[in-house]
Amino acid sequence: VQLQASGGGLVQAGGSLRLSCAASGRTFSTNAVGWFRQAQGKEREFVATITWSGSSTYYSDSVKGRFTISRDNTKNTAYLQMNSLKPEDTAAYYCASGPKAYSASDLYNYWGQGTQVTVSS
């Protein structure tokens, strides 16, 4: 599975962005997808994850109620809708694919490159 994250950019606080994670490979639709982020000088942290069917989603406390993860298996694509963005959301965002919807990054097998999100105050 190869993953390609896109949709990052510069946005003002309170604004919205939608990230996309496009996948190639037959196993995408049977794998969970997670989004993680890494701010400069900080460790990578869990943001959200979704099961292979899309029936269950999980979020970090810092984004719950503001971000929504979804997927369209017919398009081999997952999404992260980010609303009410805050300066502290500034980071490189990564999508990952793995067997289950874990919050631990080391349990994901495949990773896309990061897409930068910058939120100005």
Side-chain angles (χ1 to χ4, degrees):
V1 177
Q2 290 186 322
L3 304 175
Q4 179 84 24
S6 62
L10 174 64
V11 64
Q12 288 188 333
S16 298
L17 281 175
R18 188 177 81 156
L19 305 184
S20 297
C21 177
S24 61
R26 293 180 297 173
T27 60
F28 175 80
S29 63
T30 60
N31 279 5
V33 173
W35 284 96
F36 294 80
R37 66 187 182 186
Q38 187 167 18
Q40 195 168 6
K42 296 187 177 180
E43 293 186 354
R44 187 171 296 185
E45 66 171 350
F46 166 74
V47 175
T49 187
I50 187 168
T51 55
W52 69 269
S53 65
S55 61
S56 295
T57 57
Y58 306 93
Y59 299 90
S60 69
D61 288 343
S62 62
V63 308
K64 197 174 296 182
R66 300 188 297 121
F67 291 11
T68 302
I69 189 172
S70 61
R71 67 189 299 161
D72 184 343
N73 286 342
T74 66
K75 297 181 179 179
N76 269 13
T77 303
Y79 305 95
L80 185 69
Q81 177 67 44
M82 306 185 296
N83 298 330
S84 301
L85 283 161
K86 304 175 181 180
E88 52 263 44
D89 294 318
T90 295
Y93 283 71
Y94 299 85
C95 61
S97 177
K100 290 189 177 182
Y102 300 114
S103 60
S105 61
D106 57 356
L107 297 178
Y108 286 81
N109 307 114
Y110 306 100
W111 288 81
Q113 88 297 348
T115 184
Q116 180 68 35
V117 172
T118 303
V119 184
S120 63
S121 56

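Only this structure's heavy atoms are used, side chains among them; waters, hydrogens and symmetry mates stay out. None of the values given here were measured: they were computed from a predicted structure.
- Residues forming a side chain to side chain donor-acceptor pair (under 3.5 Å) with S103 (at least two apart in sequence, or on another chain): none.
- Partners of S84 under the side chain to side chain donor-acceptor pair (under 3.5 Å) rule, at least two apart in sequence or in another chain, do not exist in this structure.
- Listed by chain and residue number, nothing satisfies the side chain to side chain donor-acceptor pair (under 3.5 Å) test with R44 (two or more places apart in sequence, or in another chain).
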Less than 3.5 Å apart, which donor and acceptor atoms pair up between the side chains of residues 6-17 and the rest of the protein, not counting sequence neighbours?
unit_1 : atom_1 : unit_2 : atom_2 : d
S16    : OG     : N83    : OD1    : 2.9

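- Between the side chains of Y94 and S105, not a single donor N or O lies within less than 3.5 Å of an accepting N or O.
- Counting only residues at least two apart or in different chains, salt bridge (charged side-chain N to carboxylate O under 4.0 Å, His left out) contacts with residues 31-40 comprise R37-E45, R37-D89.
- A search for side-chain contact (heavy atoms from CB on, under 4.5 Å) contacts involving T30 returns T27, not counting sequence neighbours.
- Applying the disulfide bond (SG atoms under 2.5 Å apart) test to pairs two or more places apart or on separate chains, none has a residue in residues 28-66.
- Under the salt bridge (charged side-chain N to carboxylate O under 4.0 Å, His left out) criterion, D61 pairs with K64, sequence neighbours left out.
- Closest approach of L3 and A23 over heavy atoms only: CD2-CB, 3.5 Å.
- A search for side chain to side chain donor-acceptor pair (under 3.5 Å) contacts involving N76 returns nothing, not counting sequence neighbours.
- Looking at T68 and Y59, their side chains come closer than 4.5 Å, going by heavy atoms from C-beta outward.
- E88 is linked by a salt bridge (charged side-chain N to carboxylate O under 4.0 Å, His left out) to nothing, counting only residues two or more places apart in sequence or in another chain.
- For T49 against A32, the heavy-atom pair with the smallest separation is OG1-CB, 4.5 Å.
- Between the N31 side chain and the A96 main chain, no donor and acceptor come within less than 3.5 Å of each other.
- Ring geometry for W111 versus F36: interplanar angle of 30 to 60°, hence tilted.
- Under the 6.0 Å distance and 45° angle rule, R71 counts as a cation-pi partner of F28.
- For S56, the side-chain contact (heavy atoms from CB on, under 4.5 Å) partners two or more places apart in sequence, or in a different chain, are T51, Y58.
- Applying the side-chain contact (heavy atoms from CB on, under 4.5 Å) rule to A5 yields the partners W35, C95, Q113, T115; only residues at least two apart in sequence or on another chain are considered.
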